[in-house]
Structures are given as structure tokens and as C-alpha cells.
Undergrad: 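First the structure, then my questions, so here it is.
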Number of protein chains: 2
Amino acid sequence: MTNGGDPARTLALLWRDEAAIPRRGPRRGLSLDQVVDAAIAVADAEGLAVLSIRRVAQALDTSPMTLYTHVPGKAELLDLMIDSAYARMPRTGTAGRPWREKLTAVAADNRTLFRDHPWTIAVSTQRPALGPGALGKYEHELAALDGLGLTDVQMDDCLTYLLLFVHAAARTEHEARVVREATAMTDEQWWAAAGPVLGRLVDPDAFPLASRVGAAAGEAHGSAYEPEHVYEFGLGRVLDGVALVLPRHT
Amino acid sequence: MTNGGDPARTLALLWRDEAAIPRRGPRRGLSLDQVVDAAIAVADAEGLAVLSIRRVAQALDTSPMTLYTHVPGKAELLDLMIDSAYARMPRTGTAGRPWREKLTAVAADNRTLFRDHPWTIAVSTQRPALGPGALGKYEHELAALDGLGLTDVQMDDCLTYLLLFVHAAARTEHEARVVREATAMTDEQWWAAAGPVLGRLVDPDAFPLASRVGAAAGEAHGSAYEPEHVYEFGLGRVLDGVALVLPRHT
DNA sequence: GCCCTACTCTGTACACTGTACAACGTGAAC
DNA sequence: GTTCACGTTGTACAGTGTACAGAGTAGGGC
């Protein structure tokens, strides 16, 4: 999705490198920040699927091709959007608190990011666009793992693992909401439509465990996936897993 | 991505409901399985981004609109593709082995699925298309958690948690490969291009932890994300986390 | 054996995407 | 004052899912 072209060009944009801005020609009618902010506004309000160059240009009351003088392409625009979202996301201060609280706060901050800007869930973070936002985020999150007796590599491992979980949980939660809105059907309505047909087509005795456990899980949390429960259960297991890596298991 | 229209219609297709096949009209030149298999072949070979109704029709040497007599739309086609992949994925037998081995095998089988059919990573599994493949998969995976003293709800929780991790790990691994191929650049080449520019633009003292830990992690596993390491480390933590849920911690 | 009609197959059409390209006007540097 | 780098813009291309309408086919009822 992202990672468009020349890394050097993208970095110059991310860090607003003054050496890269041209000295000749007409004045620009728009600043880079205006373009990025408009793109974020569109993505927030209407989703990544609706985000298009034409749509952003429309929001800025200019022509689509004008944007290409500010940004090399859509991929780089996404890089800039992500870094801007990183720079503005919450960074809860937890200095002096127990490590479990610190990591819970890091997870919560990331969850807030994914909820406020669901489009961040879908863009790749491989070869991250290392802008000021991404670096500030990484620095802040590493602080939660500092001083626990972990090696540098272990700190990175644990953080990667934690964020992998939060990202995945946010993705399923977001998918659930998208499906609900796209089908204009709650899970209850969906099951009401699917259940009887399923009952007619499939023999429960052929899938005894699936029938029993599926029914129990469906009854426990409202019918299907309960994102809140997935997150709470998962985060608990993640922290338990990390605890065993710490020199003093606390 | 998936979850198109009428659940009843989709279920009838998934279970190949004979009551739903029409009795009148000309003979069809194609079977549903041919359509699904052709779509899977295209997605395997060329990726989900290239998978289009026109492309599948071309592979079957027919016209695009013909496919719509077999399948209501692209969403339902994806449901059918997924269920077919589920039905054919490996199900390693681990009866009588310790629970850790069982869950490791479940994770490995899913990882194999995601590697053999990377497009399965990107399609939503919310409100899963409950076809024979999905049910068989669920039944088999629950067996790995049976008899450990867990409640039904806990069995579902632990399985969901494990699969969430494998899915997320597979996603980052796949993204890394896509980025590498799309940019025609190895991570080393990318860093060689980005590193010096980054060094010129950013002051390491402003991000002390990030600089130190990032460098250590980059040096430990080749430059950036090492998917194999992420998987091994993560799976270990997942199993440690699950262990504490078991009545007898073993 | 015949007809009706449910069905399959297909070409065309619409609104949408990212962005290459070329033409035109602007304004800073020499 | 001239030059030419640069910003702005309209048009164009190849692609997407699928609605719709027309044409041809064959099973069920008589």
C-alpha cells in the first residue's frame, strides 16, 4: 500500500527538509501540511476505500493533478498521513509505575490511534516511513520497557510482539464494524438469517466440538466476536507471556 | 472484502445445496468448482490485487458476465475460495501428544495455509462463511484444546488468540515480501539509500532509546523485521500465556 | 410432439481509480 | 529584461464490479 518510490525523497518530505524546497517558479497555493491534513480528514470521515487523489483535491478545491506537485504519488501521501497520525497520537505518561501498567498504557494509546484513524490499520508498516512521528512513537514506547533488565534486542522483541497483538485486535474490531455497516445487519440479524439454513444443511453430529463450543462462545459474548473480550483476554495473555521474559518474574 | 449479500444464498452455495440448483434452462458449460478453482489459481499465481472477474473469466475462456450465473458477485466468490482453501489445508494429527505440541502444530498448519495462499491473509473472517471447510477446520483445531480442563468458552478464547497471532505474523511476513518485490529492493539496499539521508536529517540524541535499540535490533536480525524471529518469539509467548489459563500449569 | 418459460450466455454501459503527458502562465535569478 | 524552472491544469488510458437487455436453449406439462 505504501512505500512508493525513492526513500530519500520520502524522507525529505517527512522531515520537511528545507534544502529540498525549490527556489524558483510561482508561489504554491497550498502547503504540504494542508494536503496531508485534508487527506487525513477524508480518510477519517469516509474511509480509506474512498480516499482518492480526486477526492482530496476536491476537498481542497483544486484540481487532482495539482497534488502531484506537492507529493510524488499516493503511496508517499499515505506515508505522510501515517507519520502525522503517529505524531499526534496520545502518549500516556507512566514514569514510575509498574511495568504492567506501562505496557497496558502503550497498548491503550495504540488502540486509541486505531480507533480514531481506522485507516492506519490497513496501511503497511513494513519498512516504516521513519518520520518524526514514527521515531517519537518508538522512543516513547521503548521507555516503557527500559530499566527492566531486558537486552536491547529483547526490548524490541517485546514491543513488536505487543504492537502486533494490538494491531491484530484493532483490525478484527474494525472489520466487524465495517461488516455490520456494509450489510446493514447486526450479528443477531445475520444469525437469524443464517442459523436456520445452516441447521438444515449441516449435521451437528459431524462437528460435535464445533457445535458445542461455538454455541457456548456465541452465547457467552453476544452471538459472535466480542472485540472488547478479545482485547482484554489477549492483552492479559500477552503480558503474561512477556512477564516470563523478564529477569525477575513479577 | 467478503460477506456480500444474502447469507442463505451464500450458505446454499458453500454446502453445494442440491435443492438450490435449477432444473430448467440450458446446460451450464462450467461447474461451480471450476470457477472457484480457477479463481484460486489466479489469486495464488498473481495475487489478490490482480484477481478480477474479468481475469477469472479469461482463465476459463469465457465472458465475464457468465460468471455471474454461477456466483452472485465477487464477495461470494471470495467466500467460496476461502472455504475451499480451508477444506484443503493440512490438518496435522497430534492425538496423544502434549498440548504444547498440539497447539504448535495448529499454528504451523495455519501458517502453511497463509504461505500457500497469501490472499487468504487479506480477506475478512468476520462473520465467517460457515462452509464445510471452515467447520472442519474449527472442529480439528478445537480438538487440540480438548481434554485440558478448559471450559468451552476458554477453548474458544485460546484458539481465537492463537489464530489471531498466527494471522498477524503471517500478514507482516507477507507484507515484507510484497514490499521487497514491489520496490525491487532488499532491506539492505533500502537502508543503504535511506540511512545516510536519515543521518543528515535527524539528531540521534533527540531519540536516544530509539537509536540504540533500533540499531541493536537491526544488527541482530538482518536489518529490519525478521519474520521467522517474530514468529518464533511470538509463538513462545502465546503458548506461555495460554499455559497460565490451564488448570494444571504444565 | 409442442409450447411455454425459466434459465444461460453475452455485449454494452457507467462511474470510478492513479497518474503520464503536454500545454500554459508565473516569477525568481542572472 | 530575459530565461527557464516551476506550479497548475485538461485530457487520456487501462483498469475495476456489475446492472441491464437481448438472444439462444432445453426441461416440464399437455
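FYI, side chains are in, hydrogens and waters are out, and symmetry mates aren't considered; it's all heavy atoms of this structure. Just so it is clear: chains get the letters A, B, ... in the order the sequence lines come, proteins before strands, and each one is counted from 1. Just so it is clear, the model here is predicted, and its values are computed rather than measured.
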Undergrad: Salt bridge (charged side-chain N to carboxylate O under 4.0 Å, His left out) with B:D17: which residues, sequence neighbours excluded?
TA: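 B:D17 satisfies salt bridge (charged side-chain N to carboxylate O under 4.0 Å, His left out) with A:R200 only.
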Undergrad: Got a list of side-chain donor-acceptor pairs under 3.5 Å for residues 32-43 of chain A, not counting sequence neighbours?
TA:
{"from": "A:D33", "atom 1": "OD1", "to": "A:R16", "atom 2": "NH2", "distance (Å)": "2.6"}
{"from": "A:Q34", "atom 1": "OE1", "to": "A:S31", "atom 2": "N", "distance (Å)": "3.0"}
{"from": "A:D37", "atom 1": "OD1", "to": "A:R88", "atom 2": "NH2", "distance (Å)": "2.9"}

Undergrad: May I have the distance from A:H70 (atom NE2) to D:dT9 (atom C1'), rounded to whole angstrom?
TA: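 So the NE2-C1' distance, A:H70 to D:dT9, works out to 14 Å.
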Undergrad: Excluding sequence neighbours, so at least two apart, what forms ring-ring contact (aromatic ring centres under 6.0 Å, His included) with A:H70?
TA: none
Undergrad: Under 3.5 Å, side chain of A:Q189 to main-chain N/O of A:T186, donor-acceptor pair present?
TA: yes
Undergrad: With B:R91, which residues qualify under salt bridge (charged side-chain N to carboxylate O under 4.0 Å, His left out), at least two apart?
TA: none
Undergrad: Report yes if a side-chain nitrogen or oxygen of B:T66 is closer than 4.0 Å to either non-bridging phosphate oxygen (OP1 or OP2) of C:dT8; otherwise report no.
TA: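 Answer is no, no contact under 4.0 Å.
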Undergrad: Hey, does the side chain of A:T69 come within less than 4.0 Å of D:dG7's phosphate (OP1/OP2), counting only N and O?
TA: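 Answer no for this pair, as no side-chain N or O of A:T69 is under 4.0 Å from OP1 or OP2.
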Undergrad: Quickly work out the B:L30 CG to C:dC7 P distance and round it to whole Å.
TA: 19 Å
Undergrad: Is it the case that the side chain of B:R28 and the backbone of B:T69 share a donor-acceptor pair, with hydrogens and angles ignored and the cut-off at 3.5 Å?
TA: yes
Undergrad: Report the residue (B:P26 or A:R27) whose heavy-atom-nearest nucleotide on DNA chain C is the more 5′ of the two.
TA: B:P26
Undergrad: Going by the rule salt bridge (charged side-chain N to carboxylate O under 4.0 Å, His left out), which residues pair with A:E46 if we only count those two or more places apart in sequence or in a different chain?
TA: A:R55
Undergrad: Reading nucleotides 13-23 of chain C 5' to 3', which nucleotides get B (base under 4.0 Å from a protein heavy atom), which S (sugar-phosphate only), which -?
TA: B---BBBBB--
Undergrad: Does any residue of residues 12-25 of chain B have a heavy atom under 4.0 Å from DNA chain D, and if so, which ones, in number order?
TA: B:R23, B:R24, B:G25
Undergrad: Please give, in whole Å, the distance from C:dT10 C1' to B:L60 CG?
TA: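 For the pair B:L60 CG and C:dT10 C1', the rounded distance is 15 Å.
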Undergrad: Under 4.0 Å from OP1 or OP2 of D:dT9: is there any side-chain N or O of A:T62 that close?
TA: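 Yes, A:T62 has a side-chain N/O under 4.0 Å of OP1/OP2 on D:dT9.
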Undergrad: Could you list the residues that satisfy ring-ring contact (aromatic ring centres under 6.0 Å, His included) with B:F114, not counting sequence neighbours?
TA: B:H167
Undergrad: Excluding sequence neighbours, so at least two apart, what forms ring-ring contact (aromatic ring centres under 6.0 Å, His included) with B:H140?
TA: none
Undergrad: Rounding to a whole Å, what distance do you find between B:E76:CD and D:dG17:C1'?
TA: 12 Å
